[in-house]
Every structure is written in structure tokens, then in C-alpha cells.
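We're numbering straight along the sequence, starting at 1. Ligands are counted one by one from 1 in listed order, and the atoms in each one are counted from 1 as well. Quick caveat: nothing in here was measured; it's all calculated off a predicted structure.
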Amino acid sequence: MADKKARLVVDGVDKEIELPVYHGTEGPDVVDVRPLTGEGLFTYDPGFVSTASCESKITYIDGANGVLLHRGYPIEELAEHSDYLEVCYLLLNGELPTPEQKAKFDYTVNQHTMVHEQLRSFYNGFRRDAHPMAIMCGVVGALSAFYHDSLDINDPHHREVCAYRLIAKMPTLAAMCYKFSIGQPFIYPRNDLGYADNFLRMMFATPCEDYKINPVLSRAMDKIFTLHADHEQNAPTSTVRLAGSSGANPFACIAAGIAALWGPAHGGANEAVLKMLAEIGSVENIPAFIEKAKDPNDPFRLMGFGHRVYRNFDPRSRVMKQTCDEVLAELGITDDPMLDIAKELERIALEDEYFVSRKLYPNVDFYSGIILKAIGIPTSMFTVIFALSRTIGWISHWNEFHSSPNKIGRPRQLYTGEPKRKHPRA
Ligand code: SDX
């Protein structure tokens with residue numbers, strides 16, 4: 001792949017350092033900086049803004065043009081023409097399934113949706129008011145205590161079984177978090193239901209009354225799963241890859257990804273958007289909050305805006321906005337103050353020089369919370385749903401990492417601490 005070279009001249013290094021330059025299918029060329037170590041040099045890139053941590057074939061983002069491809073297919077077309085399990089098959093295997101492969105995949109996932117009965121008792125160890133993400137970190141990591149039969153990470157079949165188990169069990173574990181938090185009994189999954197239908201029923205059915213599936217809400221839920229499925233080497237996905245590089249089992253790696261997703265700068269943003277809209281309270285208050293967001297001395301950020309990679313509209317947010325309108329229309333919600341504030345906030349921000357000059361556009365989290373709230377899902381569950389959706393991305397990257405020769409990830413540093421010094425009593 002190296003058909004170009006970079007040449008580096010460094011003061012104090014008596015020769016020109018030649019570095020291979022690789023090009024991929026899409027996106028910027030990359031400079032292979034590994035030879036620098038032999039010259040006693042490291043690269044320095046806090047936040048990995050300019051660093052390609054790996055080679056991958058799964059997802060590609062063109063931030064300047066607002067493009068997101070999963071195995072080459074645009075997210076807008078996948079959201080329109082595929083369901084979440086078909087996207088799971090695509091991310092994991094590289095191609096869309098034939099009808100027969102899809103039927104087999106759906107059936108196999110459905111056969112793994114229950115969790116071990118003993119895992120149910122883990123929930124009782126938490127306070128009822130525990131944040132569901134705290135519970136998810138615990139119970140997903142605990143899955144490795146139940147599945148000793150498929151933990152050989154070098155065995156492709158074991159990796160496939162783990163993928164099925166994680167895809168299938170995340171909705172069950174997530175719904176159990178919600179039921180536990182409201183003191184209701186857990187609802188078992190049903191094998192005759194689709195993925196999103198099963199999840200919504202486990203969330204809202206009770207032993208006294210079943211949940212009436214609304215196809216519009218169920219399709220919206222499935223689209224939310226799809227829109228969050230994968231997104232290149234973001235913080236949690238990089239966490240999963242790094243944890244995987246030590247040989248940790250897939251359940252522990254996914255638990256690490258869940259923990260990394262929790263932050264409000266990332267996966268916690270959808271919950272933070274709803275809290276921000278509630279704090280703004282009315283359209284009249286928006287200008288004051290816009291000024292807070294622009295104030296470099298004020299830590300307030302406009303939640304749901306901006307992105308490390310997108311310097312254009314996040315293509316997911318366009319689909320999310322359309323889905324939001326569909327859900328609110330289906331539910332007859334025409335006067336949602338949150339939506340009014342969100343739409344006015346978006347209009348103002350897209351005209352304001354501060355946001356325009358910094359290319360801060362609505363991201364995937366800006367409208368998702370409004371949809372989830374309309375479906376009846378509490379804000380505390382929003383990031384759990386993000387984690388549920390992103391599990392396929394994490395396990396696909398984990399699988400890709402282990403499908404080729406690899407080594408443990410071990411970044412270096414620029415040390416600016418104390419030079420070597422003698423202990424005062426040495
Ligand atoms: C996700 O990585 C992924 O792919 C993540 C994700 C995925 O699917 O995995 O896409 C999901 O996390 C989406 C992002 C959700 N987060 C939020 O909505 C939280 C609000 N957004 C910001 O915290 C911020 O935009 C980040 C964290 C998303 C991006 O941070 P960066 O890349 O470090 O942005 P930056 O600091 O380089 O921004 C440049 C400027 C700065 O101002 P100056 O120093 O130039 O004066 O823009 C400002 C920032 O202060 N800025 C904002 C802002 N986001 C950036 N100012 C106000 N409100 C904001 N939201």
C-alpha cells in the first residue's frame with residue numbers, strides 16, 4: 001500500500017528520515033511513523049486528532065461532507081432499506097445477507113436473547129436508583145463469568161458465538177435495568193418477536209398487561225439502533241480495541257466500551273440534550289444559553305452540537321430529525337415544547353457566526369432524545385440504548401482486530417515530570 005514516501009528532517013538528527021505513506025479506499029493518506037522509534041523519536045497527538053490507530057474495513061466517515069458508510073453503504077440508505085439486524089450482519093461479515101442468511105441470522109440471535117437466571121440476581125446488588133449505565137457496566141462484564149465455553153479469542157467460531165450472544169442479550173439486559181429501576185418484574189424476551197419489538201415489549205409490558213406494539217414506534221426504535229451501530233474509532237470503540245489487544249475476553253472489552261461511552265461529551269450527550277432543553281425551558285431563553293455556549297470561560301456546551309470528525313451535518317441527525325417528526329405525528333404530539341426549543345435552537349445555531357465558523361452542526365444525539373422520550377423511555381436509559389446499539393460496532397471491531405496478526409496497544413508519552421533524582425534518605 002506504500003506507493004509514496006514522506007521525508008522528515010529533524011534538527012539534531014543527522015539524516016533525512018524516510019517514512020512510508022499509505023493510501024486507503026477513501027480518506028486521507030497516512031504516514032507510517034513507526035520508523036521514528038528507531039531514530040529515538042515519538043509522535044505527539046493528544047486526543048488522537050490526527051492519528052490513525054489501525055487499519056479497518058468496517059466504517060468510513062467523511063467529516064467534511066457529512067458522509068457515513070458502513071462497509072461502503074451510506075447510513076441514510078441503510079436506515080431506509082435495512083433493519084438493525086441486517087446492519088449487524090453487514091458490519092460483522094462485510095456484506096449484506098441473502099434472504100436465507102438474514103433469516104438464519106435473525107433466528108440465531110433470537111435463540112440467544114435470554115440471560116442466565118443467576119445473572120438476574122446481580123441486579124439486586126444495586127440500589128434501585130443506580131444509574132442504568134452503572135448496572136450495564138457490571139452485568140455485561142459479568143457475562144464472562146457465565147460463558148466459559150466460548151472465550152478462546154483466537155477461535156473464529158468462539159468469536160462468532162460471543163457476537164451472537166452480545167447482540168441478542170443487550171436488549172434483555174438493558175430492559176432489565178429499566179424494570180429494576182421502577183420496581184417492576186423483569187419481562188422475558190419472546191422468540192416470535194422482532195428485535196425492536198422484543199425490546200419495547202420487555203421495557204413496557206407487565207405480567208398484568210401486555211405491550212401493544214406500535215409499528216411506527218418499533219420502526220423508529222429499530223432506526224435508532226441502526227443510526228448508533230458504529231462510528232469508526234471513537235473513544236469507546238478505541239477502548240474496546242485497546243482492551244481486546246491485551247487478550248481480554250469480549251464481554252470485558254464491551255463493558256470497557258460501555259464505561260467509555262458514558263461520558264456527556266460522548267454517549268451521555270443524548271441524556272444531556274434533554275436536560276439542556278429542560279433547563280432552557282422556553283424559546284425566549286435560548287439567546288442566553290447560546291451566549292453561555294460561546295463564552296470560553298463558561299464550561300456550558302450546546303449538547304447535541306459539534307463533533308470531532310463532522311464539520312458538516314451529521315448524516316444521522318437528518319434521519320433522526322425525520323424519524324422524530326414521524327413519531328410525534330403518530331403519537332399526535334404537536335405541541336412538544338422540547339421540540340419547539342430544539343428546532344429554534346438548531347435554527348439560531350446554524351445562523352450564528354460562532355457555530356458556523358467552527359462548523360458546529362447538530363449531531364446524532366440532538367434529536368434522538370426527543371424520540372426516545374416520546375416513546376416513553378426515561379432519559380436515564382438513553383445512553384444504555386446507545387450502548388445496546390453500538391455493541392455490534394464494538395464486537396465487529398474487536399473481531400476485526402483478532403482476525404489478523406496483532407499486538408498489544410501501548411501508547412508512549414511526552415514526559416515533562418521530574419528528572420531522575422536521589423531519595424533524600426538514600
Ligand atoms: C457522539 O466520536 C464519535 O464518533 C462520537 C459519536 C459516535 O457515534 O460515536 O459521533 C457520538 O459522541 C456525538 C457527540 C455528542 N457530544 C455532544 O453533543 C456534546 C457537545 N459537543 C462537544 O462537547 C464537542 O463538540 C465534542 C466533544 C463533540 C467535540 O469536541 P472537539 O472535537 O474537541 O471540539 P473542539 O473543542 O475542537 O471544538 C472546536 C471549537 C472549540 O472552541 P474554540 O476553542 O475554537 O474557541 O468549538 C467549540 C469548542 O469550545 N465547541 C463548542 C461545542 N463543541 C465544540 N462550543 C459550544 N457548544 C458545543 N457543543
* Hey, are Tyr22 and Asp32 close enough side-chain-wise for a donor-acceptor pair under 3.5 Å? -> yes

* Output the set of protein residues with a heavy-atom contact under 4.0 Å to ligand 1, ordered first by chain identifier and then by residue number. => His231, Asn234, Pro264, Ala265, His266, Ala269, Ala293, Arg301, Leu302, Met303, Gly304, Phe305, Gly306, His307, Arg308, Arg316, Tyr354, Arg358, Leu360, Asn363, Asp365, Phe386, Arg390

* Asked: Is the NZ or CZ atom of Arg120 both under 6.0 Å from the centre of the six-membered ring of Phe122 and within 45° of that ring's axis?
  -> no

May I ask you to check whether [Y] and [X] place their ring centres under 6.0 Å from each other?
| X | Y | answer |
| --- | --- | --- |
| Phe126 | Phe180 | no |
| Tyr310 | His231 | yes |
| Phe146 | Phe251 | no |
| Phe105 | Tyr164 | yes |

